[in-house]
Amino acid sequence: MEFLEVAPKRPLASEEVETLGLEDRLVVEINPRARRLSLRVEPARDCVVLIRPGRVSEKAVAIFVLENLDWIRRHLGDLPPRIPFSAGSVIPYRGTDHVIAARPESKRGVWRKDGIIFVAGHAEHTRRRVTDWLKSAARSQIVPLVNDMAGSLGQTATRITLRDMRSRWGSCARGGRLSFSWRLILASEAVLTYVAAHEVAHLKHANHGAAFKRAVAGLLEPYGVDMASARKWLGRCGASLHRYG
């Protein structure tokens with residue numbers, strides 16, 4: 001389920017970018033295995049990443065950046081804007097757009113009705129409250145789904161955690177420990193179900209071979225989810241989920 005790998009990184013020093021107008025949107029990742037300098041756009045992190053081999057000099061890096069400055073600025077400009085969790089913002093919830101509306105006089109916390117996500121309390125708490133509400137909604141949907149799927153394979157998920165994962169949508173570790181991105185609650189139910197099935201299938205199959213693919217397809221069949229369509233959506237649109245919040 002990986003769509004990018006995150007290596008050790010550092011922002012370029014301020015004196016290196018202060019005249020370029022890049023701030024922290026150009027990030028250097030040192031990769032000793034890389035053979036040459038290269039650039040990669042990462043919408044999930046709202047930046048351009050410069051891959052630097054371990055033995056390349058600072059001067060060579062600076063020259064490379066200057067030579068590719070137009071490319072960097074053009075692709076940064078093409079990245080979609082960030083959308084905060086604040087009153088008036090439109091965010092997806094289970095694949096459907098919702099408007100965030102402030103209700104400072106209310107004591108209800110966060111609730112949803114007719115395409116509106118209502119948030120009680122002061123404006124400075126809106127981001128945290130919406131984030132917590134989305135995480136709770138993701139857990140309430142993912143955990144029972146995973147447990148049901150695992151049971152149908154005769155497997156057990158010993159632990160299910162939700163995190164703001166940047167390099168993948170889900171993972172399966174030894175001992176039956178599964179992790180998922182809470183941002184899946186922003187995607188459609190079909191996409192979330194596919195990711196759950198993918199990781200649950202790894203409880204039985206450690207690779208992506210034919211048996212694994214049959215297991216995923218079998219897990220999705222009762223939910224009417226098409227694996228190819230869900231995979232295509234993640235590849236085309238998945239990174240956009242990191243725009244929110």
Side-chain angles (χ1 to χ4, degrees), residues 1-7 9-12 14 16-29 38-51 65 68-104 110 112 114-119 121-135 137-138 162-169 180-192 195 230 232-245:
M1 296 301 298
E2 287 185 29
F3 60 92
L4 59 91
E5 286 289 344
V6 179
K9 61 185 183 299
R10 72 168 182 86
L12 288 171
S14 59
E16 296 175 285
V17 298
E18 61 184 359
T19 61
L20 303 180
L22 299 176
E23 288 91 27
D24 59 353
R25 300 190 71 195
L26 177 62
V27 174
V28 175
E29 293 184 356
S38 62
L39 295 167
R40 181 176 72 232
V41 181
E42 290 194 0
R45 294 159 62 190
D46 196 37
C47 69
V48 168
V49 174
L50 188 156
I51 305 299
V65 170
N68 292 278
L69 191 55
D70 289 343
W71 187 96
I72 293 168
R73 285 175 170 163
R74 184 172 69 255
H75 282 80
L76 286 174
D78 289 341
L79 289 174
R82 294 287 184 173
I83 298 176
F85 290 156
S86 59
S89 292
V90 177
I91 68 170
Y93 175 76
R94 295 188 176 183
T96 301
D97 283 347
H98 284 64
V99 179
I100 298 176
R103 290 295 182 269
V110 180
R112 181 179 69 94
D114 298 331
I116 303 174
I117 298 173
F118 297 99
V119 187
H122 298 295
E124 60 265 29
H125 302 308
T126 299
R127 181 188 61 80
R128 176 182 56 80
R129 287 180 174 173
V130 171
T131 302
D132 291 346
W133 181 79
L134 290 170
K135 289 179 179 179
L162 272 70
R163 298 183 288 121
D164 195 3
M165 306 172 75
R166 295 287 172 159
S167 62
R168 59 188 72 192
W169 297 112
F180 296 92
S181 168
W182 63 261
R183 292 178 182 274
L184 288 167
I185 198 64
L186 304 175
S188 68
E189 188 169 347
V191 169
L192 183 150
V195 175
K232 184 177 180 179
W233 189 93
L234 279 173
R236 185 178 68 250
C237 306
S240 68
L241 300 183
H242 291 278
R243 297 166 52 203
Y244 301 96

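Here the CZ-CZ distance, from Arg168 to Arg163, works out to 8.5 Å after rounding to the nearest 0.5 Å. Going from atom NZ of Lys135 over to atom CZ of Arg183 covers 9.0 Å, rounded to the nearest 0.5 Å. To the nearest 0.5 Å, atoms CG (Leu184) and CG (Leu162) are separated by 8.0 Å. Atom CD1 of Ile100 sits about 7.5 Å away from atom OG1 of Thr126, to the nearest 0.5 Å. Atom OG in Ser240 sits 9.5 Å away from atom CG in Leu234 (nearest 0.5 Å).
Between the side chain of Arg243 and the backbone N or O of Asp46 there is no donor-acceptor pair closer than 3.5 Å. For the pair Arg103 (side chain) and Phe118 (backbone), a donor-acceptor distance under 3.5 Å is absent. With Ser89 contributing its side chain and Pro84 its backbone, the two residues share a donor-acceptor pair below 3.5 Å.
Using a 4.5 Å heavy-atom cutoff, the side chains of Trp182 and Thr131 are in contact. Here the side chains of Leu134 and Phe85 are in contact, with some heavy-atom distance below 4.5 Å. Contact of the His75 side chain with the Trp71 side chain is registered, since non-hydrogen atoms from C-beta on lie closer than 4.5 Å. Tyr93 has its side chain within reach of Trp133: a pair of non-hydrogen atoms, C-beta onward, lies under 4.5 Å apart.
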Quick one: do His242 and Asp164 satisfy side-chain contact (heavy atoms from CB on, under 4.5 Å)? Show the steps, please.
CA-CA 9 Å; His242 291 278; Asp164 195 3; 4.2 Å; yes
Kindly indicate, with the supporting measurements, whether the criterion side-chain contact (heavy atoms from CB on, under 4.5 Å) is fulfilled by Ile185 and Arg94.
CA-CA 5 Å; Ile185 198 64; Arg94 295 188 176 183; 3.8 Å; yes
I would like to know whether Leu50 and Asn68 meet side-chain contact (heavy atoms from CB on, under 4.5 Å); could you show each step before the answer?
CA-CA 11 Å; Leu50 188 156; Asn68 292 278; over 6 Å; no
Pair Ile117-Val110, side-chain contact (heavy atoms from CB on, under 4.5 Å): steps then yes or no:
CA-CA 7 Å; Ile117 298 173; Val110 180; 3.7 Å; yes
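Ion pair Arg128/Asp132 flagged as a salt bridge, since at least one NZ, NE, NH1 or NH2 atom sits closer than 4.0 Å to an Asp/Glu carboxylate oxygen.
The minimum heavy-atom distance between Leu241 and Leu186, with the atom names listed, is O-CD1, 3.7 Å. Shown here for Ile116 and His98, the closest heavy-atom pair between the two residues is N-CD2, 3.8 Å. Nearest heavy-atom pair across Ser181 and Met165 is N-SD, 3.5 Å. Minimum interatomic distance between Pro92 and Tyr244 (heavy atoms only, all atoms of both residues): CD-CZ, 3.4 Å. For Ala102 against Ala87, the heavy-atom pair with the smallest separation is CB-CB, 4.0 Å.
Counting non-hydrogen atoms of neighbouring residues, nucleotides and ligands closer than 6.0 angstrom, the CZ atom of Arg127 reaches no more than 12 such neighbours.
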